[in-house]
Amino acid sequence: MLQVKHILENKEQVIEGLKKRNLDAETLVQQIIDLDLERKTSIVKVEDLRAEGNKKSKEIGGLFKEGRIEEANAAKLEVQKAKTEQKNLEEELNNIEEKFRNLLYQIPNVPHTTVPSGSTEEDNEEVYSEGIIPILHEGAKPHWEIVKKKNIVDFETGVKITGAGFPVYKGKGARLQRALINFFLDEAEKSGYAEVIPPLLINEASGIGTGQLPDKEGQMYHVTGDNLYLIPTAEVPITNIYRDLILNENELPKKNCGYTPCFRREAGSYGKEVRGLNRLHQFDKVEIVQVVHPDESYQVLNDMVEHVKELVRKLKLPFRILRLCGGDLGLTSALTFDFEVYSTAQERWLEVSSVSNFETYQSNRLKLRFKKDKEKPQLAHTLNGSALALPRIMAALIENNQDINGDICIPEVLQKYTGFSKI
RNA sequence: AGUGGAGUGGCCGAGCGGCUUAAGGCGCACGCUUGGAAAGCGUGUUGAGGUGCAAAUCUCACGGGGGUUCGAAUCCCUUCUCCACUACCA
């Protein structure tokens, strides 16, 4: 969430910035400012009473020690009365603070100055593209037909076991998944990211920390028996490693990568969009995460984009990079670049990575700070990116690399991981 | 999962209703001392929030939340984590 101080000091700038999200935040921001004032007034009242109470209690302690029992008892009665008022005021303060927090949770991150305004993905700005879209032979097929024929991804069995969106990868299909995971992890480690294997279930505090809760609860699978959530992305557990920490400035940047399955309910999705591997409830992804000094976060965002570029390039997939417009930007992000690869048989672009700078939006919720010597701790910046999400990469590879015989050619960089060059 | 025990500052560890303003130690930082260092001595050593131009000052935090009390690290309830034993299991 945004820092209150930042809102107070940059009211107009915040409201103006949020317009890019097609959000008129005027009322909301004003409510927050008003409530903050109310909050402070209430704090003063409560703390004054507390201070007085503390003083009196100490005096009573002294009276008892001196054996002045009657005076002490009289003082007790007096304080007891004052407590009622204090309790009421404390309750009032609690209410204000809860309301205040809820309002703050509602305000999305302020988009970076370079974010284009716009409402849908149509308004995203293409900033880069690379690679040649292959011309497929007559009779080329979409990936869902190829994987069926080759028996490497079995959707029907997944439906039987769990439901739609939970495919079973088989044989060389499974092997290809594993190859991609290992390839992505090795590349990440080469770029200096330390690998972690995090939990796949997270608690409520972690969900709030990275911004999935309270707003996007419906998108995660909720294990109600234990009040845990299946991770929608490794971003959540990996970033939460640093929750409640005060790092030394010289420990920055923190760079982590991790492979995890991801679980998304994707309520409301249907049709061509979800066909085959296009949109799944469970999918594999390698994620890269950084915690950095605020002065460096945009340089780092660039580095992360370059890292992802290199991955897609090595897989020889045609891709483009989009700067997300305000309307398409996630709640917590200040600037996001999406990577899309071209899936030739479907004749459409598929999003395979999203690289974002959250500035202090997450770290403020996470209480993730760093400190230089004796200076006051300050919030770090957090970033993350998919590097990469597997199913759509697989879809594009399968479609783009099908040859005249209907076989799938494995890109050279993957062959040492797969152990075969064709499926 | 059951039963019992325990969670105190950067770390160890005392305190078990009011001289706690959290003892003592270790570590760390600075100073004195020294040719230099060690030892020794001295000083300091958390975070959040409020008031104030500032100096300063107040509030909150002893795993988390709630309660009892004029007053809670200390008593009660609840929850989490760790340890031990029992049961189960890859």
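By convention in this document, chain letters (A, B, ...) are assigned in the order of the sequence lines, proteins followed by strands, and residues within each chain are numbered from 1.
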Do [X] and [Y] get their side chains close enough for a donor-acceptor pair, meaning under 3.5 Å?
X: S57(A); Y: N54(A); result: no
X: H143(A); Y: E399(A); result: yes
X: K285(A); Y: T233(A); result: yes

Test side chain to side chain donor-acceptor pair (under 3.5 Å) applied to E235(A) - qualifying residues, sequence neighbours left out
Q362(A), N384(A)
Residue set satisfying side chain to side chain donor-acceptor pair (under 3.5 Å) with K316(A), at least two apart, ordered chain then number -> none
For nucleotides 66-82 of chain B, 5' to 3', base contacts (B), sugar-phosphate-only contacts (S) and non-contacts (-) with protein non-hydrogen atoms under 4.0 Å give --S-BS-----------
Can you tell me how far the CZ atom of F370(A) sits from the OG atom of S363(A), to the nearest 0.5 Å?
9.5 Å
I'd like the [atom1] distance from [M] over to [N], given in whole Å.
N: A22(B); M: A73(B); atom1: C1'; value: 8 Å
N: C19(B); M: C60(B); atom1: C1'; value: 23 Å
N: U68(B); M: U74(B); atom1: P; value: 14 Å
N: U59(B); M: G2(B); atom1: C1'; value: 43 Å
N: C53(B); M: C70(B); atom1: P; value: 38 Å
N: A38(B); M: G31(B); atom1: P; value: 12 Å
N: G67(B); M: U81(B); atom1: P; value: 24 Å
N: C30(B); M: G13(B); atom1: P; value: 29 Å

[N] - base-pair partner by Watson-Crick or wobble geometry, distances under 3.5 Å:
N: U20(B); answer: none
N: G47(B); answer: C60(B)
N: A6(B); answer: U81(B)
N: C89(B); answer: none
N: U34(B); answer: none
N: C75(B); answer: G67(B)

Salt-bridge test for R39(A) and E97(A): reply yes if a basic N is under 4.0 Å from a carboxylate O, no otherwise.
yes
Answer yes or no: is there an ion pair linking E187(A) with K314(A), defined by an N-O contact shorter than 4.0 Å?
yes
For H222(A) and Y229(A), take the angle between the two ring planes, folded into 0 to 90°, and tell me which bin it lands in: parallel under 30, tilted 30 to 60, perpendicular over 60.
parallel
Grab the [atom1]-[atom2] distance between [X] and [N] for me, whole Å please.
X: K371(A); N: A48(B); atom1: NZ; atom2: C1'; value: 13 Å
X: L379(A); N: G47(B); atom1: CG; atom2: P; value: 14 Å
X: N248(A); N: A29(B); atom1: CG; atom2: P; value: 12 Å
X: L37(A); N: U51(B); atom1: CG; atom2: P; value: 9 Å
X: L245(A); N: G10(B); atom1: CG; atom2: P; value: 13 Å

Pairwise side chain to side chain donor-acceptor pair (under 3.5 Å) hits with a residue in residues 100-118 of chain A, at least two apart:
H112(A)-T114(A), T114(A)-R323(A)
According to the side chain to side chain donor-acceptor pair (under 3.5 Å) rule, which pairs have a member within residues 407-417 of chain A, sequence neighbours left out?
K150(A)-D407(A), D186(A)-Y417(A)
Using the closest heavy atom to pick a nucleotide of RNA chain B for each, name whichever of D36(A) or E52(A) lands nearer the 5' end.
D36(A)
Which nucleotide, U59(B), G49(B), G47(B), lies nearest any side-chain atom of R369(A)?
G47(B)
Contact residues, residues 42-50 of chain A to RNA chain B [heavy atom, < 4.0 Å]:
I43(A), V44(A), E47(A), R50(A)
